[in-house]
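Encoded as structure tokens, the structure appears first; notes follow it.
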Amino acid sequence: MTKRLNRSNLQISENLVNFIENEALPNTNVSAERFWNKLELILNQFAPLNQKLLETRSKMKNQIDSFYLENTGKTINRDQYINFLRKINYIVPIGNNFTIETQNVDPELALKAGPQLVVPVTNARYALNAANARWGSLYDALYGTDTISEEGGAQKTSSYNPSRGKKVVDFGRDFLDKNFKLENSSHKDVKTYKIENGNLIIKSNDNTNTQLSDTNQYVGYQGSEDNPSCILLKNNNLHVEILINKNGNIGSADNAGIDDIIIESALTTIQDCEDSVATVDADDKVLAYKNWLGLMKGNLEDTFEKNGKTLTRKLNPDKIYLTSNGEYKLPGRSVMLIRNVGHLMTNPAILMSNGEEIPEGIMDAMITSMIAIHDIKNNKMNSRTGSVYIVKPKMHGPEEVQFACDIFSAVEEALQLEKYTLKIGIMDEERRTTVNLKECIRAAKERTVFINTGFLDRTGDEIHTAMEAGPIIPKGDIKNAKWISAYENNNVKIGLECGLSGKAQIGKGMWAMPDLMNEMLKQKINHPKSGANTAWVPSPTAATLHALHYHEVDVFNVQKQKSNDKNDYLIDILDVPVTKGHNWSQEEIQKEMDNNAQGILGYVVRWIDQGVGCSKVPDINNIGLMEDRATCRISSQHLANWMRHGIFTKDQLVETLKKMAKIVDDQNKNDINYIPMSKDFENSLAFKASLDLIIEGTVSPSGYTEPILHKRRLELKSMLD
């Protein structure tokens with residue numbers, strides 16, 4: 001049984017008390033007594049309001065269900081539907097035009113465009129790798145992925161393959177020629193790079209001198225003027241290093257001695273306490289908070305074994321270059337945001353005086369903000385402007401955004417921070433936020449630093465909202481549904497309309513296939529072309545490759561062009577993706593069931609049995625996909641919808657899950673920590689949780705997976721105690 005200590009009138013797990021008082025609070029100038037007393041006051045004020053907001057969600061869902069049921073078999077008039085949503089306040093009135101007033105925003109969020117990593121903060125190694133992904137080797141990213149063809153003897157081999165290396169070098173030179181053009185020459189023909197009188201002088205193979213067509217792209221160097229080890233360039237406000245080492249593995253065989261090209265990659269990183277983690281109790285939360293503390297103090301380390309060697313990860317130092325005007329300094333790390341949980345979940349780490357669990361989102365706001373004091377008041381390694389960036393997910397409409405901002409104000413007062421120190425990232429991933437996005441931003445106009453589309457959760461909410469409308473179209477067809485493009489376009493339009501350009505990030509969602517980098521290079525350029533100045537990537541390697549798109553596309557110029565978008569996307573956003581009388585064959589239905597069931601089981605079994613909140617899970621075709629609770633929400637809601645409308649029966653569902661469980665077991669047979677589900681379906685908590693997600697999908701709040709996953713994970717942990 002968890003040992004609890006009393007602080008103020010709260011009952012707090014002993015390990016959380018020890019962490020807060022002995023590790024997190026020292027050097028923040030916030031006393032333990034003030035911290036706990038203020039937290040209790042905040043909980044007494046906001047916990048009841050939190051519950052009322054959840055009740056509003058439920059009430060609106062019931063009203064929408066009733067609307068669909070009352071109109072079963074009828075053709076629903078578009079205006080009738082929109083008027084109904086306005087009547088129940090699902091769609092709120094739109095106010096006058098405005099622009100956000102956010103101050104003290106770091107340039108990585110306001111003035112630069114580039115990739116954004118999302119990483120589970122509970123994994124110290126991943127968290128450090130993500131923070132350090134501000135800079136990435138282009139050569140490594142190309143050599144180790146499918147972006148370079150294996151044709152012509154260029155296979156990936158255990159030892160260095162010169163044929164593959166040549167293709168990498170050629171790609172790198174093409175990148176330089178495309179983005180850092182030379183006068184009357186090519187980087188392929190360069191013999192030396194030198195600095196003379198503060199200028200970059202480039203000598204070609206024929207001993208003629210040339211220079212950059214745009215000399216302003218040269219920034220600085222490392223080493224000596226006659227023999228620089230690094231040339232720093234800049235394009236579209238992103239930096240690139242040309243590393244020169246004629247004794248290096250690559251440089252020794254390179255005409256100009258170029259050993260690598262280093263790309264400024266993940267400008268920002270979301271350290272995640274939400275969808276990519278499995279934090280169900282005090283022990284889990286302390287791990288998340290402890291790693292966040294190490295990142296904010298700058299002393300987080302992780303030691304591990306790799307290829308027979310012991311390695312230690314720590315945060316990278318800043319980079320320093322020489323210019324004719326003195327030193328030029330750049331951060332060695334991404335600017336880190338922290339994603340708190342949404343308004344729904346509670347956590348047993350802290351209990352109110354009546355024994356009730358407190359809202360986890362309030363706990364996150366108080367503790368992650370307090371931890372960030374170590375950065376904003378002590379070392380400024382992360383935010384050089386003294387801001388704390390909190391991504392707030394799963395908010396439904398402007399009232400809930402306002403609620404989050406009110407909590408932030410109370411936390412600032414409690415921690416003696418200046419008002420508006422806490423900035424908010426608004427996840428546009430719930431339907432009621434999408435249709436009211438302008439008013440959501442207005443509610444946070446002094447704090448907004450980020451709006452982001454989340455196709456996965458947004459689709460889960462779309463299905464759940466339309467649960468009674470009819471059978472949803474097959475999952476593969478949803479990506480081409482009318483509402484998707486309208487939703488994505490609307491996010492950019494409203495963001496620009498509210499003045500986010502040059503002040504905040506307008507973001508796009510995740511590339512979910514970390515092994516298919518060549519396909520990512522082809523497709524993900526559409527994100528900067530859409531006017532988004534950031535987009536999510538699944539790995540540091542992906543960040544380096546996606547960064548190439550922001551050299552090719554001047555996002556802020558695109559935003560200027562798109563600022564005159566006068567389209568009204570509401571009608572298309574509200575185009576419900578239900579089938580107009582399906583004629584699917586039993587084979588098609590079974591294929592859809594198999595695909596969804598396999599994805600659910602493959603994710604849930606790791607979540608429940610191993611506490612892994614996000615991982616690369618092989619799909620039914622053995623293609624590795626990044627899975628988190630959002631992908632699980634889509635699949636479970638899709639099956640719940642089809643079963644609700646009689647597309648298949650419960651018996652068919654159970655049979656399908658059992659069949660797919662055997663496949664998932666086989667896919668995980670080399671994992672020594674894996675517990676097969678098919679050996680004992682009756683007692684496998686992972687199998688039960690997967691079934692629960694579908695059976696209870698119609699009544700689970702907003703179709704979220706968290707309540708069921710947390711319940712089953714806590715059940716397993718109690719058995720292991």
Heavy-atom side-chain proximity of Thr279 to Cys273 below 4.5 angstrom: no
Lys/Arg N to Asp/Glu carboxylate O, Lys503 vs Glu446, below 4.0 Å: no
Reported CZ-to-CD1 distance for the pair Arg447 and Ile441, which is rounded to 0.5 angstrom: 15.5 Å
Between CG on residue Leu39 and CG on residue Asn9, distance to nearest 0.5 Å: 11.5 Å
Near-ring test Phe403/Phe46, centroid separation under 6.0 angstrom: yes
Ile261 side chain near Leu176 side chain, heavy-atom distance below 4.5 Å: yes
Asn249, CG atom: more than 12 neighbouring heavy atoms under 6.0 Å: no
Pair Lys112 + Glu264, salt bridge at N-O below 4.0 Å: yes
Atom pair CD (Gln416) and OG1 (Thr28), whose distance is rounded to the nearest 0.5 Å: 9.0 Å
Reported NE2-to-CD1 distance for the pair His546 and Ile263, which is rounded to 0.5 angstrom: 13.5 Å
Nearest heavy atoms of Ala130 and Thr269, plus distance in Å: O-OG1, 3.2 Å
Over 12 non-hydrogen atoms of neighbours within 6.0 angstrom of CD in Glu327: no
Heavy atoms of other groups near Asn29 CG, more than 12 under 6.0 Å: no
Test side-chain contact (heavy atoms from CB on, under 4.5 Å) applied to Phe35 and Ile367, step by step: CA-CA 9 Å; Phe35 180 86; Ile367 297 176; 3.9 Å; yes
Glu101, CD atom: more than 12 neighbouring heavy atoms under 6.0 Å: yes
Near-ring test His527/Trp511, centroid separation under 6.0 angstrom: no
cation_pi(Arg125, Phe304) dist<6.0 Å, angle<=45: yes
Heavy-atom side-chain proximity of Ser137 to Asp260 below 4.5 angstrom: yes
Minimum heavy-atom distance Lys394-Glu429, with the two atoms named: N-OE2, 2.8 Å
Working for side-chain contact (heavy atoms from CB on, under 4.5 Å), residues Lys508 and Lys524: CA-CA 10 Å; Lys508 294 291 180 183; Lys524 206 168 173 67; 5.7 Å; no
Listed partners of His374 passing ring pair (Phe, Tyr, Trp, His ring centres under 6.0 Å), at least two apart: none
Ring-face cation of Lys319 near Trp135 (centre distance under 6.0 Å, axis angle within 45°): yes
Salt-bridge present (Arg606, Glu627; N to O < 4.0 Å): no
Sole candidate of Glu360, Arg339, Lys392 that passes side chain to side chain contact (heavy atoms under 4.5 Å, CB included) when paired with Glu274: Arg339
Geometric class of the Phe175/Phe180 ring pair [parallel <30°, tilted 30-60°, perpendicular >60°]: perpendicular
Check: Asp428 side chain, Ile451 main-chain N or O, donor-acceptor pair, under 3.5 Å: no
Nearest-0.5 Å distance, OH of residue Tyr193 to SG of residue Cys230: 12.0 Å
side-chain contact (heavy atoms from CB on, under 4.5 Å) between Ile231 and Ile244, worked out: CA-CA 8 Å; Ile231 302 295; Ile244 302 171; 4.1 Å; yes
SB check Arg629 Asp275 (cutoff 4.0 Å): yes
